[in-house]
Each structure stands twice: as C-alpha cells, then as structure tokens.
K.L.:
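Got a structure here, written out as structure tokens. Questions coming.
In this text, all values refer to a predicted model and were calculated from it rather than measured experimentally. Every chain is numbered from 1, with letters handed out A, B, ... down the list of sequences.
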Amino acid sequence: MNVLGELALWIALPVALLGAILGFVAGHRQRGDLQLGAERSVYAVFGLTILASAGIISNFLYDRFEYTYTYSYSNRELATWYKIAGLWSGQRGSLLFWLLFLMLFASIAVWTNRRKNREFMPYVVGTLSTIASFFLVVLLFADVNPYLKLGFTPPNGAGLNPQLQSYWMTIHPPMLYMGFTSFTVPFAFAIAALLSGRLDSRWINITRRWILLSWFFLAIGIVLGMRWAYEELGWGGYWFWDPVENASMLPWLAATAFLHSIQIQESRGMLKVWNMALVLFTFTLTIFATFLTRSGLIESVHSFAQELKIAYIFLAFMSFIVGSGIVLIMWRLPKLKSENQIESFLSRESAFMFNNLILLGILFAVLWGTLFPLISEGVTGTKITVGPPFFNRVNIPIGLILLALTGIGPVIAWRRASKQNIKKNFTLPVGIGLGVMAALFAVGVRPFEEAEGVRVFSQSHAYALATFGIASFVMSVIVIEFFKGTRARARIENEPWPIAFLHLIERNRRRWGGYVVHAGIVVMFAGWAGSSFNVNIRQTLQVGESAVIPSPLGHDYKLTYEGMSTTAATAANANSNLAFQLVALLRVEKDGKVQDNLTTEKRGYIAQDQPTTEVGIDSSFLEDLYVILSDVPNMRGAVQNEPGAQTATFTFLVNPLVGWVWYGGLFIAIGGLIGLWPTLTGAGEPARTPTVAAARPRRPVPAGAAGD
Amino acid sequence: MPKNARFLVGLVAVAGVVTYLIVTGLTDTMQYYLTPSELVAKVDADPTVHDMGVKVGARIVPGSYVKTAAGVHTFTVEDPEKLTVTMPVEYEGDLPDTFNDQADMIVDAVLDGHYRNDGVFVATTVLTKCGSRYEASPEAIKQG
C-alpha cells in the first residue's frame with residue numbers, strides 16, 4: 001500500500017499536467033475528443049490521490065516509523081482514530097489531504113457539468129488541472145513529500161501533540177480544507193468565462209452553490225477552531241488574532257463579500273468587473289492561507305516550521321494567478337460593462353456595495369495587521385508587530401457598521417428607496433434597538449466601570465451596549481420579515497402558520513437561509529460583546545478552602561476545593577497514551593444553591609514531557625463558569641498521592657454570553673444548509689427553485705415580502 | 001454624476017474611516033518584535049527602549065528553567081541565530097502547556113514584556129510554538 005501510494009503520487013503529476021494541456025487546447029481548438037481525455041485525467045488524478053492518501057493512512061495504522069512523517073506524528077499507543085487523522089496532523093500529510101479534497105471537488109464539478117456548459121468545461125478542466133499540478137509539484141519537490149524515509153526504523157514514534165488529540169481538532173482542519181479547496185471550482189468557472197468570452201451571469205449561476213458551499217465550510221471550520229481553542233487551549237478565550245487564525249478568516253470575508261455582490265450582478269447586471277476581481281482575490285486568499293500556515297514566514301503559534309523553499313514556490317504561484325487573472329480581466333474589460341448604474345444612495349445596491357466595502361475594509365485591516373511584521377522589516381529593517389489590541393480597535397467599530405447593514409440591506413428597496421419604504425421597515429426595529437439599549441442601561445449595563453468608587457469610562461462596555469442595541473435592531477428586522485412573509489403566505493394559500501412558514505422558506509431558500517445566517521451573525525456579535533464583562537480571578541487553594549467568584553449577572557459562585565485524585569500509569573490504561581492524570585474536584589454553589597461539581601485536570605502523556613491542562617466548564621445559557629487548574633506546585637507529590645501535596649492554583653473565569661458564539665455558529669450552519677440543500681424531489685415544486693433568483697427580472701423589485 | 005454624488009461621498013467616507021482606524025490603531029498598538037540580540041543592540045543605542053513594551057522571539061535554553069520559592073518562573077532564552085546572546089527571563093503567571101526546557105526539544109517562545117535595566121526580561125505573557133510541530137532531523141532522532 002505504501003509503495004503503491006508513493007508511486008501514485010509520482011504518476012499523478014504527469015497526468016495532471018496532461019489534463020491541463022488537453023483542457024486548454026480543447027477549449028481553444030474546440031476539440032471534443034481532447035476534452036474527453038482532459039476530463040478523464042481529472043478522475044484519474046483523483047483516483048491516484050486517493051491511493052496516495054490511503055498509503056499514508058496505512059503507514060500510520062501499521063506503525064511504519066521508518067517514514068519521517070509517521071515517526072513525527074504518531075506512536076504505537078496512539079488511538080486508531082488519531083492515526084487516521086494523521087493524514088492531516090502535519091505539514092506533509094495536510095498538503096496531500098488538501099489535494100485530495102481539491103480533486104474530489106474537481107471531479108464532482110466535472111462530472112455534474114460534463115453534458116452542460118460545454119463552452120466552459122475545457123477551460124474549467126484546464127484550470128483545475130493546473131492547480132492540481134501545482135500542489136503535486138509542491139508535494140514532490142519542496143521537501144514535504146509525506147513518503148520521505150528516515151533511513152532507519154525507530155522503535156516507536158515521537159507521538160502526537162496532546163492538544164491535537166481532541167475531537168474538535170480532527171474535524172476542524174478538514175472543514176477548513178474543504179472550504180479552501182471548494183472555492184477552486186468557482187474560480188475555475190470564472191477563468192473559463194473570461195477565456196471563452198461568455199461573460200453574462202452564467203458562470204455565477206453555475207457556481208453559486210459552490211460559492212455557498214465553500215463559504216459554509218469555512219464558516220464551520222472557523223467556528224470549530226474557536227470551539228477547540230476554548231475547550232483545549234485553556235485560557236478561556238477562543239480567538240487570538242494569530243496569523244493562522246487570520247489566514248482562515250481572510251478568504252471567508254472575501255467569500256462573504258462575493259456572495260453579496262453576485263446578487264447585484266444577478267438582479268441588476270452591475271459589478272461584473274468587481275465580481276471577477278473578487279473571485280480572483282478570494283481564490284488567491286485561499287492559497288495565501290495555506291502559504292501563511294506552511295511557510296512559517298509569519299511568527300505564529302500554529303504554523304509549521306519555516307520552509308523557505310515552499311514559501312518561494314507559493315509566492316511564485318500566487319503571483320502567477322494574480323498576474324494572469326488581471327491580464328484576463330483587462331483583456332475582457334469591454335465585455336464586462338455594467339448594464340445599470342447606481343440610482344440612489346438609499347437603495348439595496350448601495351447597501352450591498354457598502355457591505356462589500358466594509359467587508360473588504362475588515363479584510364484589509366486584518367491582512368495588514370498580519371503582514372505588518374514582514375512589511376515593517378522589509379521597509380525599516382526592524383520587525384514591528386501588532387496584536388489583539390490593534391485588531392479589536394479597528395474591527396469593532398467597522399464590524400458594528402457591518403452589523404447594522406445586515407439589518408438594512410435585506411429590507412431596503414432596490415434602485416431607490418422611498419421615504420415610506422424606509423419608515424415602514426425601520427421604525428419598529430430601530431425602536432426595539434433603542435428600547436433594548438435603554439433597558440440594559442437601566443439594569444446596569446453601562447458604558448463605565450466603577451473601580452474603588454471612581455467611575456471610569458469603559459470603551460469596551462460602551463461598544464458592548466452599542467452591539468446589543470444594533471443586534472436587537474437587526475434581529476427585529478429579521479423576525480418581522482419572517483412574520484410578514486409567513487402571514488402573507490398563510491393568507492394567500494390559506495395554510496396554517498407553521499406550514500406556511502416552512503413553505504415560505506422552501507420557496508426561496510436562498511433568501512430565507514440567508515436571513516437565518518444573518519440571525520446567527522447577530523447572536524455571535526452579542527456573544528462577543530458579552531466578553532467585555534468577563535471575570536478572571538486566580539487563587540491558590542488548599543483542600544477544603546473556597547473561592548467566591550462574582551458573576552457580572554449579579555450572583556456569586558462559591559467554589560470549594562474538595563480534593564485531588566490521581567491516576568498513575570496502570571495496567572488499565574497501559575494501551576493509552578496517558579502517563580498520569582490529576583483531577584481536582586470542586587463543589588460549586590451558585591448563591592448558596594448546589595450545582596454540578598466541576599473537575600479540572602493535569603494530564604501527562606507518554607512521549608510528551610510537559611503535562612497538559614484540561615479545563616472544567618459549566619455552561620449555561622447566559623454564562624460559562626470556566627475553571628483552570630493553573631498550577632500544582634508539587635506535581636510529583638500529587639501524582640504519588642503524598643499528603644499535603646494537593647495545594648493547587650486555580651484560575652476562575654466567568655464568561656458571559658460565550659455560549660451565544662456557539663449558538664450563532666449553529667444558526668449559521670442551519671442557514672447555510674437551508675441555502676445549500678439540494679431541491680427536494682417530488683415535494684410538489686414546479687421546476688427547480690434555485691432559478692427563482694436567476695429569473696428575477698430587471699424591473700424594479702420591491703423590498704420585503706409584502707412589497708411596496 | 002450628481003445622482004451618484006451622495007453614494008460616492010459615502011464610499012470615500014467609509015474608506016477614510018477604515019484608513020484612519022488602521023493608521024491610528026497601528027501607531028497606538030505597535031510593538032517592536034525582536035530577537036534577544038536585536039533587543040540588546042537597540043537598548044544600547046536607545047536606553048528608553050527599557051521602558052517600552054516589546055515582543056521577543058527567542059529559543060528556550062534547555063535546562064534553564066527554575067521556579068523560585070515565590071512562584072516566579074525563571075528561564076533563559078537565546079537568540080536562534082546568534083547563539084552567544086542569552087537573556088534571563090522572569091515571568092509570573094501560567095506557562096503554556098507546550099513550554100519545555102528539555103534537552104532534546106527545540107521550543108521557540110514569543111514573550112511580551114519589557115527589558116529591565118538589570119538585563120532581565122520581565123514577561124507579561126509567554127507563548128510557545130508547539131514543539132511537536134517541528135520535525136526532528138534524523139540525526140537528532142538517532143541520538144535521542
């Protein structure tokens with residue numbers, strides 16, 4: 001299997017190159033026979049990549065430590081599931097994993113379109129094969145071949161970093177990779193549109209679902225990563241503005257902008273150049289994300305070791321993409337003329353353009369902050385960095401404007417909004433937003449902090465209050481839209497409300513799914529705002545002692561350290577990687593009422609010298625109580641269960657609304673699925689619903705379900 | 001295009017606000033990111049750097065970690081390139097799980113803090129790059 005896998009990798013490169021050449025020639029000369037060959041080469045490369053990946057997995061499962069990659073990320077004791085996940089645990093394997101997804105999506109795209117869109121397909125296959133060839137070149141020639149051998153066979157592997165031995169970590173990278181790689185399909189169709197000269201909205205109609213799919217996977221991947229950081233990294237937060245985190249966010253922001261701007265092209269025939277530029281930019285950012293993670297050029301706690309060779313190859317490829325993309329767009333510029341113009345500042349087009357501008361503003365700020373060390377070193381010779389304070393300072397105000405636009409965009413009329421349109425749609429939601437702010441102010445959410453009797457203005461509290469107000473405004477807009485739409489349908493079709501509600505969503509899943517995603521974003525913003533009221537107290541306790549932790553919601557937690565249990569390596573866990581486990585037990589009382597106990601642990605792993613920390617989290621709807629076993633001064637004694645060695649230092653956190661970040665993520669996932677779900681067969685639907693938006697006429701389209 | 005004038009003003013205004021936020025954000029929050037040898041050179045040239053918050057990227061010297069009776073973590077870091085430059089570090093707080101000073105591990109750390117007049121770096125945060133992400137060379141594996 002391993003020999004076959006390595007061989008497959010070598011065969012895949014010429015096949016992919018052949019596919020690229022055949023595809024472009026077939027497109028240029030309009031040769032169907034060559035095109036057939038090109039399409040088959042895509043399936044062939046996919047098959048070969050499966051073989052190569054299976055070989056790597058078998059290396060892990062059969063403990064073949066003579067391979068550098070297997071040695072570095074596994075050992076005999078590792079659980080089978082993590083051995084399979086070994087394919088994407090490290091640099092070498094994850095590049096192959098990336099290629100595997102790329103070829104999976106390429107094959108699906110080629111297969112589903114093989115009898116349609118003939119004018120595009122040769123170029124699509126050519127573009128996809130070119131990108132596949134690039135990743136194969138990297139795998140084979142940039143010192144990252146996962147089949148590299150050590151030259152001898154060590155008795156056991158070095159083991160997998162315990163922090164990566166987490167359920168979240170095994171599904172977070174695949175989600176991100178699927179998001180990154182699936183965006184290659186819209187990019188390939190965009191290139192095909194440019195090359196073939198068919199520059200109407202056709203390429204967007206074909207790839208709309210792919211764009212949404214990519215966006216969806218990225219969103220899920222990012223939220224899973226946050227969740228992993230929250231549970232596993234043990235500092236109580238979930239986002240650190242680390243370069244690698246930023247790298248995953250950049251294409252997501254660009255894809256979000258793109259998802260909105262294509263709607264303007266579809267309904268108004270505008271922004272054609274912009275959309276071409278945006279698809280090119282988004283795709284480049286997906287490559288850039290890999291580049292940033294893999295090159296190690298930017299200091300990051302997540303990145304793989306610095307590899308200059310790979311950095312240059314990636315830089316060259318990105319320049320090639322951007323350069324040829326710009327040339328193609330310039331060449332086709334006369335055919336990319338806008339069919340309409342912006343008519344009014346107060347219109348949906350305008351709101352969408354501001355949405356795009358602001359998303360790109362955030363993107364640019366994040367990109368600039370991420371690359372700043374590199375830029376400053378290049379310009380001044382000294383590395384200068386910016387950290388979370390920079391990103392928060394810039395992105396919170398811009399983000400709040402974006403949040404407000406989320407409420408304005410969907411209900412403001414196309415072309416030109418009348419005063420009545422604005423008054424009718426916004427009076428109630430704005431009132432609700434202001435009302436929520438006033439109510440919160442009344443119960444004590446105020447833009448200042450009191451320290452020793454002195455009132456100090458608190459910017460973060462002010463932002464939080466503003467966020468709650470704007471979030472309530474947007475949520476009201478969304479709820480009212482659902483209400484109006486359901487009511488209208490219930491009346492017209494004479495259906496009961498719940499059925500009318502479901503049918504409403506089903507008839508235009510793209511629109512209502514989008515609103516559900518918006519609702520998720522709103523909930524998430526509220527969750528972020530909650531973090532400005534976080535409580536953080538560190539205390540050393542003997543067994544029997546208690547700590548009292550005040551929650552910002554007004555109640556107190558009393559945590560009593562009941563004792564510490566220890567499990568040394570025994571026969572019972574001889575087959576696991578665990579060397580020892582110290583579990584501190586805490587009794588929790590909330591205003592005197594006994595809650596479930598919390599535990600927090602230190603774990604030692606075989607083949608890893610440093611113990612890891614497992615936090616204890618008591619989640620509720622409004623806040624999390626988060627306990628970290630920060631330090632056990634006499635750890636050896638505690639493991640041996642010596643009397644008096646159980647003294648421990650705990651960090652107690654109260655994180656208000658943190659759960660809302662995950663609920664928001666859930667909404668986003670549901671909304672994305674509503675938009676993505678294949679049209680149900682036999683549901684009594686005439687034709688295919690997704691064409692509703694495409695068929696949307698050029699006449700003025702009234703805003704809202706009820707119209708104007 | 002008077003019809004578009006308000007729209008264009010809006011666009012320019014948004015672009016202006018974003019630029020303003022980025023520029024002021026940068027000037028207010030940026031920090032030097034230096035290796036120990038660069039920090040030492042910088043302090044020699046300009047003593048006020050002692051009072052500045054700086055970031056230091058350095059390698060942890062194997063075997064240098066000691067925890068004082070007062071619970072302060074002390075260890076030494078070295079310059080990854082100029083191996084002669086070392087710098088003692090003091091840190092009160094929780095070390096990340098991946099912090100390690102074992103002989104067979106290369107652990108790079110990013111320290112936030114300031115360089116005290118007595119030549120000790122007082123860290124307020126310590127981040128480490130996960131050691132296992134580095135693939136050991138075949139020679140190192142044989143010796144280990």
K.L.:
Side chain from CB out, backbone as N, CA, C, O: work out which of these in Phe354(A) comes under 4.5 Å of a heavy atom of chain B, or both, or neither.
P.N.:
side chain

K.L.:
Can you establish whether the number of heavy atoms outside Trp368(A) located under 6.0 Å from its atom CH2 is more than 12?
P.N.:
no

K.L.:
With a 4.5 angstrom heavy-atom cut-off, is it the side chain or the backbone of Thr382(A) that approaches chain B, or both, or neither?
P.N.:
side chain

K.L.:
What's the separation between atom OG1 in Thr125(B) and atom CH2 in Trp235(A), rounded to the nearest 0.5 Å?
P.N.:
11.0 Å

K.L.:
If you count heavy-atom pairs under 4.5 Å between each of Thr24(B), Leu95(B), Asp112(B), Val54(B) and chain A, which one has the most?
P.N.:
Thr24(B)

K.L.:
Which atoms of Pro397(A) come close to chain B, meaning under 4.5 Å heavy atom to heavy atom: side chain ones, backbone ones, both, or neither?
P.N.:
side chain

K.L.:
What's the shortest heavy-atom distance between Ala15(B) and Leu357(A), and which atoms?
P.N.:
N-CD2, 4.4 Å

K.L.:
Could you tell me whether the side chain of Ile22(B) reaches within less than 4.5 Å of the side chain of Phe390(A), counting heavy atoms only?
P.N.:
yes

K.L.:
Calculate, to the nearest 0.5 Å, the distance between atoms CZ and CG belonging to Arg393(A) and Asp28(B) respectively.
P.N.:
4.0 Å

K.L.:
Look at Leu34(B), Leu21(B), Val17(B) and state which one has the largest set of heavy-atom pairs under 4.5 Å with chain A.
P.N.:
Leu21(B)

K.L.:
For Glu377(A), I'd like to know if atom CD has over 12 heavy atoms of other residues, nucleotides or ligands within 6.0 Å.
P.N.:
yes

K.L.:
Who wins among Thr19(B), Leu26(B), Val18(B) for the most heavy-atom pairs under 4.5 Å with chain A?
P.N.:
Leu26(B)

K.L.:
Given a strict heavy-atom distance threshold of 4.5 Å, which part of Ser347(A) is in contact with chain B: side chain, backbone, both, or neither?
P.N.:
neither

K.L.:
Let me confirm one number: the CG-CD1 distance from Asp94(B) to Ile628(A), rounded to the nearest 0.5 Å.
P.N.:
7.0 Å

K.L.:
Just how far is it from atom CG of Asp631(A) to atom NZ of Lys67(B), taken to the nearest 0.5 Å?
P.N.:
3.5 Å

K.L.:
Of the non-hydrogen atoms in Lys55(B) and Thr385(A), which two are nearest, and what is the gap between them?
P.N.:
CD-OG1, 3.3 Å

